[in-house]
Amino acid sequence: AGPRQAALASIAHIEAGARMNRNAMTPDRVAASGFTLVEALIALAILSLLLATVFGSLRVTSRSWEVAARHSENNEAMRLGLDFVRRQIEQAIPLRMSDGNEERLLFMGASKRLRLVSPLPMHAGGATIHWLVFDVAEADDGGRNFRVSYGPVGALREMPGPASADPDGMESVSVIDGIGGITFRYFGSVQEGTAPRWHHDWSHGSRLPQLVQLVIHAGRDKQQWPEL
């Protein structure tokens with residue numbers, strides 16, 4: 001009985017091992033070790049969403065860089081324009097010209113317009129003094145530009161009046177684009193013996209003002225400008 005039982009036990013062990021191998025190779029078990037079609041589609045959908053998010057972020061970042069670069073260029077143009085205006089006003093020359101009765105100062109300041117004599121840089125007409133006019137011009141797009149017109153002082157054939165036209169042959173360039181307007185004010189004594197104060201008009205002064213204030217008003221883009 002002993003050998004027979006041992007043989008039966010061996011046969012039973014072999015059959016059990018065979019059953020385990022068959023179960024391991026069934027289609028259900030093979031499928032369980034990989035991905036189903038539904039799982040693959042879900043994974044692809046998630047990957048597509050992630051890629052769309054990444055590329056969307058890249059587009060937003062690119063646009064942000066473009067806006068920042070444009071803003072930086074505008075600020076640099078503003079700085080250069082204001083530096084030019086400040087330099088020309090600081091270098092104003094107290095040149096006088098006869099109006100037929102007396103010699104008067106070639107500096108005529110109004111609240112919306114300033115005319116003076118000042119040397120221009122070498123690249124803008126040579127180291128000679130010029131007649132400069134700062135005012136506002138209407139732009140083609142309906143906005144307003146802060147412009148400067150200039151010409152040689154020799155073009156002045158007679159003493160200009162506060163409301164007289166500028167001489168022929170003057171050139172004009174836009175210093176700052178897209179503004180709402182400008183306001184000039186002048187500090188000093190218009191005539192000798194008077195106390196210095198702020199004026200909106202300096203058309204008949206016997207001397208140059210001590211200070212000139214320029215306020216540039218915001219245009220349609222709401223750009224804020226520092227006072228000069």
Side-chain angles (χ1 to χ4, degrees), residues 76-138 144-177 179-217 225-228:
E76 180 65 14
M78 176 189 71
R79 185 188 66 80
L80 292 175
L82 292 178
D83 285 347
F84 171 79
V85 175
R86 181 185 294 109
R87 182 171 59 252
Q88 298 309 128
I89 294 176
E90 289 176 348
Q91 296 178 353
I93 299 173
L95 187 66
R96 297 177 182 275
M97 187 174 184
S98 176
D99 62 357
N101 297 317
E102 61 178 344
E103 288 193 346
R104 292 175 49 196
L105 191 66
L106 283 173
F107 185 100
M108 300 175 187
S111 62
K112 303 300 180 184
R113 197 171 196 234
L114 171 59
R115 299 191 286 183
L116 54 83
V117 174
S118 178
L120 282 179
M122 291 294 294
H123 63 273
T128 58
I129 58 175
H130 281 67
W131 178 241
L132 278 74
V133 180
F134 296 97
D135 59 6
V136 171
E138 299 294 332
R144 293 181 172 182
N145 298 336
F146 183 26
R147 72 175 178 181
V148 55
S149 304
Y150 59 93
V153 173
L156 294 175
R157 302 304 179 188
E158 60 182 11
M159 179 68 185
S164 62
D166 296 318
D168 296 333
M170 295 187 66
E171 299 183 42
S172 298
V173 294
S174 176
V175 179
I176 303 174
D177 298 336
I179 66 172
I182 59 174
T183 299
F184 285 105
R185 290 206 307 161
Y186 313 91
F187 181 82
S189 301
V190 177
Q191 303 294 337
E192 294 185 10
T194 60
R197 61 184 180 87
W198 283 104
H199 304 265
H200 289 286
D201 182 88
W202 198 280
S203 300
H204 303 285
S206 61
R207 63 185 67 186
L208 293 176
Q210 296 173 250
L211 298 172
V212 176
Q213 181 189 58
L214 170 61
V215 177
I216 301 177
H217 306 291
W225 302 90
E227 290 186 3
L228 180 64

**Student:** Atom CZ of R185 and atom CG of D201: how far apart are they, to the nearest 0.5 Å?
**Tutor:** 13.5 Å
**Student:** Taking G180's backbone N and O only, do any of them form a donor-acceptor pair with R144's side chain (distance below 3.5 Å, no angle check)?
**Tutor:** yes
**Student:** Can you name the salt bridge (charged side-chain N to carboxylate O under 4.0 Å, His left out) partners of E90, sequence neighbours left out?
**Tutor:**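 Counting only residues at least two positions away or on another chain, E90 forms no salt bridge (charged side-chain N to carboxylate O under 4.0 Å, His left out).
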**Student:** Once you round to the nearest 0.5 Å, how far does CG of L82 lie from CG of L214?
**Tutor:** 7.5 Å
**Student:** Salt bridge check: are D135 and R147 linked by an N-O gap of less than 4.0 Å?
**Tutor:** yes
**Student:** What is the ring orientation for Y186 with F184, classed by angle as parallel under 30°, tilted 30 to 60°, or perpendicular over 60°?
**Tutor:** parallel
**Student:** Does the W202 side chain pair with the main chain of R207, one donor and one acceptor, at a distance under 3.5 Å?
**Tutor:** yes
**Student:** Excluding sequence neighbours, so at least two apart, what forms side chain to side chain contact (heavy atoms under 4.5 Å, CB included) with L211?
**Tutor:** F187, W198
**Student:** Minimum heavy-atom separation for L208 and I93, please, with both atom names.
**Tutor:** CD1-C, 4.4 Å
**Student:** To the nearest 0.5 angstrom, please state how far the CG atom of L132 sits from the CG atom of L116.
**Tutor:**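 Atom-to-atom, L132:CG and L116:CG are 5.5 Å apart.
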**Student:** Kindly indicate, with the supporting measurements, whether the criterion side chain to side chain contact (heavy atoms under 4.5 Å, CB included) is fulfilled by F134 and I182.
**Tutor:** CA-CA 10 Å; F134 296 97; I182 59 174; 5.7 Å; no
**Student:** Is it true that a side-chain atom of K112 and a backbone atom of T183 form a donor plus acceptor pair closer than 3.5 Å?
**Tutor:** no
**Student:** Using the side chain to side chain donor-acceptor pair (under 3.5 Å) criterion, which residues pair with S189? Sequence neighbours excluded.
**Tutor:**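 For S189, no residue satisfies side chain to side chain donor-acceptor pair (under 3.5 Å) once neighbours in sequence are set aside.
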**Student:** Only one of I89, L114, V117 forms a side-chain contact (heavy atoms from CB on, under 4.5 Å) with F107, so which one is it?
**Tutor:** L114
**Student:** Look up atom OG in S149 and atom CD in E171, then write down how far apart they are to the nearest 0.5 Å.
**Tutor:** 9.5 Å
**Student:** Going from NE2 on H200 to CD on Q213, what distance comes out if it is rounded to the nearest 0.5 angstrom?
**Tutor:**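 The CD atom of Q213 is 9.0 Å from NE2 of H200, to the nearest 0.5 Å.
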**Student:** What are the two closest heavy atoms between G188 and H199, and how far apart are they?
**Tutor:** O-NE2, 3.2 Å
**Student:** Going from CD1 on I129 to CG on L95, what distance comes out if it is rounded to the nearest 0.5 angstrom?
**Tutor:**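 The distance works out to 5.0 Å.
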